[in-house]
Amino acid sequence: MTIQLSDKALLDWSGDTLAIALFEDAVELTGELAALDEKFAGIFKELIAEEEFTGKVNSTIFTRVGAGNNVRKLILVGLGKPDALKLETLRRVAATVARTAKKQKTKTLGISLPVFNNDPAATAQAIAEGAQLALYQDTRFKSEPEDKSPNIETIDLLGLTGQEAAITRANQIVSGVILARQLVAAPANAVTPITMAETAIAIAKDHGLEIQVLEKEECEKLGMGAFLGVAQASDLPPKFIHLIYKPEGTPKRKLAIVGKGLTFDSGGLNIKGAGSGIETMKIDMGGAAATLGAAKAIGQLKPDVEVHFISAVTENMISGRAMRPGDILTASNGKTIEVNNTDAEGRLTLADALVYTEKLGVDAIVDLATLTGACVVALGDDIAGLFTPDDAVASQLQTASEAAGEKIWRMPMEDKYFDGLKSGIADMKNTGPRYGGSITAALFLKQFVKDTPWAHLDIAGPVWTDKENGYNGAGATGFGVRTLVSWVLS
């Protein structure tokens, strides 16, 4: 599919389907819309009246136009209240239009949406993102696609001439989101630690990044006892992935993104039981998937910032070699951890990854992880939890997530809750009491970052959706990629 800019007026554009947006309670046709309605013999006014269309956000009506016209079908889509218009509104409206047009067997689609905040570049990028993400379908594991509608071949954005760079930027970011979706959606027999490393190597080759993949022996030399304790039961070797993007010239700053990379989580000897969602635990590498997706996007965008993308990738399995409840692991910073729950394994892999990352001398670290069900209980399926003791990093990430349209909410870091992680025989346990579980998990991670500004994003909820939601289809969402890219670019 090609997204391009058109300098055609509404009256002159030709193609299969033309989509036009109207604000809520402002559906009276004036100016160019009135002229277009007159050209089509009053079809807009008639349709608005018949369908009682008021312009509520994402509401749509459509009709076929008579033969002999330059378009076959018209779509009217609601924008909601003018004072509530955001870039995220445009993304979601573009998604609604794209899906509606595809169902109508559209091949060429024209979209006319208002410019947000006098910023045509941001507007064009948001529309292009929303349409592409909505139309993406993962059919890799189906012998025959269920949706047999023809694909949209061309989308023309009307009234946004000169914004080719914004379209290119949207394409590059979307490519990273789709990679993350594909990694999360694929089953654990298709995405393993080995294939994650191969994916990282391909990103480095295709986009000019540096890469280092540490094998088990190298991790042992670095003292990564927490990571390797999780990995020791699997028949597949662990892979510690370190991708590096370096700009030309002196970088303005150095950043690091760390992703939890459990390609399958059985729970270990604290095995997940029936009804616990064990069949979905292929998604437990959602943080690493977002990290690699961001690396792919950043490698194409080429900002003047140095970025390190890191993930300690393994499976959490069961065998005669498995770590046991009660075992004590020693992380690479010397801290000892009593394992009181083998199903709290992600924080163990992140512990060594964070120690490694801080030694790189970066200006800030952000980690992403499908870490706790407790965060989903607190914030639901759409919102990630943000944990950080650093107000500046919190503000940066909140601004980035707002621009990206990915919801995060800052959660408290109550130091007193660390008492629940204290162990009688080691420096700490890997889990605390039931209540406040997402907070104690973040406090655990905090022990492995000494001085560098750091934030943790618990993305357990929004990494997956069971039903279509905005521009996300059912399944993997690629959550986090666009926020990370926005953070780096800002």
Side-chain angles (χ1 to χ4, degrees), residues 192-201 203-205 209-246 254-265 268 285 287-288 291-292 295 306-317 319-324 327-339 342 344-362 365 367 369 423 425-428 430 444-452 454:
T192 68
I194 296 169
T195 55
M196 288 286 282
E198 290 171 346
T199 300
I201 291 168
I203 291 170
K205 180 180 178 181
L209 279 68
E210 299 175 14
I211 186 164
Q212 185 177 17
V213 179
L214 303 182
E215 303 296 341
K216 176 184 175 183
E217 295 75 15
E218 296 167 287
C219 294
E220 287 174 338
K221 290 178 182 178
L222 292 173
M224 295 183 178
F227 169 42
L228 295 176
V230 177
Q232 67 193 32
S234 176
D235 290 335
L236 296 174
K239 302 286 183 178
F240 191 97
I241 299 168
H242 181 188
L243 271 167
I244 309 164
Y245 165 76
K246 289 184 177 180
K254 292 173 63 177
L255 302 174
I257 297 167
V258 180
K260 174 186 170 184
L262 271 295
T263 58
F264 187 75
D265 175 23
M285 35 64 70
T291 299
L292 292 182
E306 183 176 317
V307 190
H308 296 257
F309 306 90
I310 293 159
S311 184
V313 184
T314 185
E315 296 180 312
N316 183 27
M317 299 296 281
S319 74
R321 302 186 306 274
M323 68 176 177
R324 297 159 290 251
D327 282 359
I328 294 177
L329 307 177
T330 302
S332 48
N333 64 348
K335 289 188 179 291
T336 57
I337 305 158
E338 178 188 358
V339 178
T342 63
E345 82 300 326
R347 64 198 70 184
L348 297 174
T349 66
L350 286 170
D352 282 326
L354 289 170
V355 172
Y356 174 96
T357 303
E358 187 166 37
K359 291 177 181 178
L360 300 174
V362 296
I365 302 169
D367 78 70
S423 166
I425 57 173
D427 293 332
M428 68 191 87
N430 70 324
F444 178 91
L445 296 178
K446 184 184 176 186
Q447 310 310 306
F448 301 92
V449 182
K450 292 176 63 177
D451 302 313
T452 308
W454 156 80

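If you read the sequence from its start, that first residue is 1, and numbering goes on from there.
At a threshold of 4.5 Å between non-hydrogen side-chain atoms, the residues Val362 and Leu255 do not count as touching. Counting heavy atoms from C-beta outward, Ile241 and Phe309 have side chains that stay 4.5 Å or more apart. Residues Ile425 and Glu338 meet the side-chain proximity criterion, which asks for heavy atoms closer than 4.5 Å. For the pair Phe444 and Ile337, the minimum side-chain heavy-atom distance is below 4.5 Å. Using a 4.5 Å cut-off on side-chain heavy atoms (C-beta onward), Ile365 and Leu360 make no contact. Within the 4.5 Å cutoff, side-chain heavy atoms of Met196 are placed close to those of Met285. Counting heavy atoms from C-beta outward, Phe240 and Leu222 have side chains that stay 4.5 Å or more apart. In this structure, the side chains of Leu236 and Thr263 stay at 4.5 Å or more apart for every pair of heavy atoms.
Asp235 and Arg321 are joined by a salt bridge, as a carboxylate oxygen and a charged side-chain nitrogen come within less than 4.0 angstrom of each other. Checked for salt-bridge contact, Lys221 and Glu215 miss the test: no charged N lies under 4.0 Å from a carboxylate O. Taking the charged nitrogens against the carboxylate oxygens, Glu358 and Lys450 have no contact shorter than 4.0 Å, which rules out a salt bridge.
Within 6.0 Å of NZ in Lys254 there are more than 12 heavy atoms belonging to other residues, nucleotides or ligands.
Applying side-chain contact (heavy atoms from CB on, under 4.5 Å) to Pro238 and the options Val230, Leu228, Val313 leaves one that passes, Leu228.
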Steps toward side-chain contact (heavy atoms from CB on, under 4.5 Å) verdict (Leu243, Leu292): CA-CA 9 Å; Leu243 271 167; Leu292 292 182; 3.7 Å; yes

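Using the six-membered ring where Trp is involved, His242 and His308 have ring planes that are tilted, between 30° and 60° apart.
Listed here is the closest heavy atom pair of Ala369 and Leu350: CB-CD1, 3.7 Å.
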